[in-house]
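Just so we're clear, the structure is a prediction, and the values are computed from it rather than from any experiment. The sequence lines fix the lettering, A, B, ..., with proteins before strands; numbering per chain opens at 1.
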There are 2 protein chains.
Amino acid sequence: MLEQACQQAGLKLTHQRLEIFSELAASTDHPSAEALHRRLRQRMPTLSLDTIYRTLASLEENGLITRVKTGESQARFEAEQRQHHHLVCERCHEIIDFQWQTFDDSVLPDEILQWGKIKNKNAILHGVCKKCLDSV
Amino acid sequence: MLEQACQQAGLKLTHQRLEIFSELAASTDHPSAEALHRRLRQRMPTLSLDTIYRTLASLEENGLITRVKTGESQARFEAEQRQHHHLVCERCHEIIDFQWQTFDDSVLPDEILQWGKIKNKNAILHGVCKKCLDSV
DNA sequence: CTATGTGCAAAGCGTTTGCGACGGT
DNA sequence: ACCGTCGCAAACGCTTTGCACATAG
């Protein structure tokens with residue numbers, strides 16, 4: 001999958017790109033660049049944080065990964081490209097993916113349809129997860 | 001309005017706070033700290049950017065304004081506190097507010113209701129506005 | 001009069017970039 | 001051998017902070 005995409009985009013399939021992508025694809029917690037760096041460093045001790053940033057940027061440009069817009073200072077990433085929504089714990093910053101067919105099917109207000117071209121619509125929920133509620 | 005809120009929060013009602021808040025309340029374009037600074041500097045030449053940041057932070061803490069989570073590097077702010085949603089042009093970064101009653105009324109998937117305590121749910125749309133579509 | 005807020009300048013943080021060395025094709 | 005990529009270190013932009021003075025209550 002990554003292989004074809006890289007070829008298509010004229011990107012070389014390097015060891016670093018492969019590892020960064022597969023680590024992200026295996027993660028469900030929407031890691032930050034730093035978090036990925038910490039994890040990958042164990043297998044690849046010389047991997048630099050800069051390379052993570054550069055790789056994430058080029059994978060994003062090619063639509064292979066997504067930068068999750070949380071509004072926090074650190075950017076978070078995901079490999080999941082199917083339509084889904086996010087639920088963010090404002091205490092521990094955990095991010096959960098979920099499906100919501102009712103939302104996907106619902107029609108936008110008329111005024112919006114005339115605004116321009118809508119590329120995507122997503123729901124974002126904020127709250128406090130059970131773990132954080134319990135640990136008070 | 002700001003007056004009561006400041007009293008309640010134990011904040012002094014300074015000239016700067018008043019001007020920053022009223023400028024933001026009068027803006028519909030979700031300005032950044034820098035944008036506010038540029039606008040206010042004309043009336044208040046000595047107003048520093050730091051004060052804008054500090055003031056926005058304390059107003060936000062007290063629920064008087066909201067930091068809009070766009071995922072861009074610069075934070076954007078709004079004074080509107082009624083439930084509403086955002087539509088972002090990915091070309092010119094314009095942010096439009098809109099109402100969407102159907103969404104507000106719709107019920108969340110069961111799995112989500114068990115996750116913890118949901119504080120708010122919002123829709124965020126991305127696309128390209130007419131102005132940007134035309135100017136290509 | 002006292003506690004808070006302000007302006008200034010300097011530091012902080014996540015992220016990006018210029019450079020020379022490295023490695024895939 | 002060539003061009004893209006990597007690691008290093010230094011720069012960057014936005015935001016935050018320590019300090020001394022000013023100001024609201």
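Within the structure, side chain to side chain donor-acceptor pair (under 3.5 Å) pairs that include any residue of residues 51-62 of chain A comprise A/Ser48-A/Thr51, A/Glu60-A/Arg67 (at least two apart or interchain).
Enclosure of atom CG in A/Asp110 is not indicated, since only 12 or fewer non-hydrogen atoms of other residues, nucleotides or ligands lie within 6.0 angstrom. Heavy atoms from other residues, nucleotides or ligands lying under 6.0 Å from CD of A/Gln81 number more than 12.
Contact check on B/Arg82 versus B/Glu80 returns a salt bridge, with a Lys/Arg side-chain nitrogen under 4.0 Å from an Asp/Glu carboxylate oxygen.
Donor-acceptor pairing under 3.5 Å is recorded for the side chains of A/Asp97 and A/His86. Looking at A/Ser135 and A/Arg91, their side chains never bring a donor and an acceptor atom within 3.5 Å of each other.
Straight-line distance from the CD atom of B/Glu72 to the C1' atom of C/dT15: 16 Å, rounded to whole Å. For A/Leu36 and C/dG14, the CG to C1' distance is 14 Å, given to the nearest whole Å. Rounded to whole Å, the distance from CZ on A/Arg67 to P on C/dG14 is 15 Å. Put simply, CE on B/Met44 is 15 Å from P on C/dG5, counting in whole angstrom units. Whole-Å rounding puts the A/Arg76 CZ to C/dG14 C1' distance at 14 Å.
Both A/Gln16 and B/Phe77 lie close to DNA chain D; mapped to their nearest nucleotides by heavy-atom distance, the more 5′-ward contact belongs to A/Gln16.
Between the side chain of A/Lys130 and the backbone N or O of B/Gln114, at least one donor-acceptor pair lies under 3.5 Å. Judged by distance alone, the side chain of A/Arg76 and the main-chain N or O of A/His30 form a donor-acceptor pair under 3.5 Å.
A heavy atom lying under 4.0 Å from DNA chain C marks the following residues of residues 46-60 of chain A, by number: A/Asp50, A/Tyr53, A/Arg54.
Within the model, atoms NE2 of A/His84 and CD1 of A/Ile96 stand 11.0 Å from one another, a figure rounded to the nearest 0.5 Å.
When the side-chain hydrogen bond (donor to acceptor under 3.5 Å, both in side chains) test is applied to A/Thr70, the partners found at least two apart in sequence or on another chain are A/Glu72.
Here chain B contacts DNA chain D (any atom closer than 4.0 Å to a heavy atom, that is under 4.0 Å), and the contacts span D/dC14 to D/dG25 from 5' to 3'.
For the helix from C/dC1-D/dG25 to C/dT25-D/dA1, the terminal axes (five pairs an end, C1' atoms, rotation from four pairs onto the next four) enclose an angle of 40°, given to 10 degrees.
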Quick one: which protein N/O atoms are closer than 3.5 Å to N/O atoms of nucleotides 1-4 of chain C? Pair and distance per line, please.
residue : atom : partner : partner atom : Å
C/dA3   : N3   : B/Lys12 : NZ           : 3.1
C/dT4   : O4'  : B/Lys12 : NZ           : 3.0

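The closest side-chain heavy-atom distance from B/Lys121 to A/Phe103 is not below 4.5 Å.
Aromatic ring pairs are classed by plane angle as parallel below 30°, tilted from 30° to 60° and perpendicular above 60°; the pair A/His85 and A/Trp100 is perpendicular.
For the side-chain contact (heavy atoms from CB on, under 4.5 Å) test with B/Leu2, the passing option among B/Ile20, B/Leu11, B/Leu64 is B/Leu64; the others fail.
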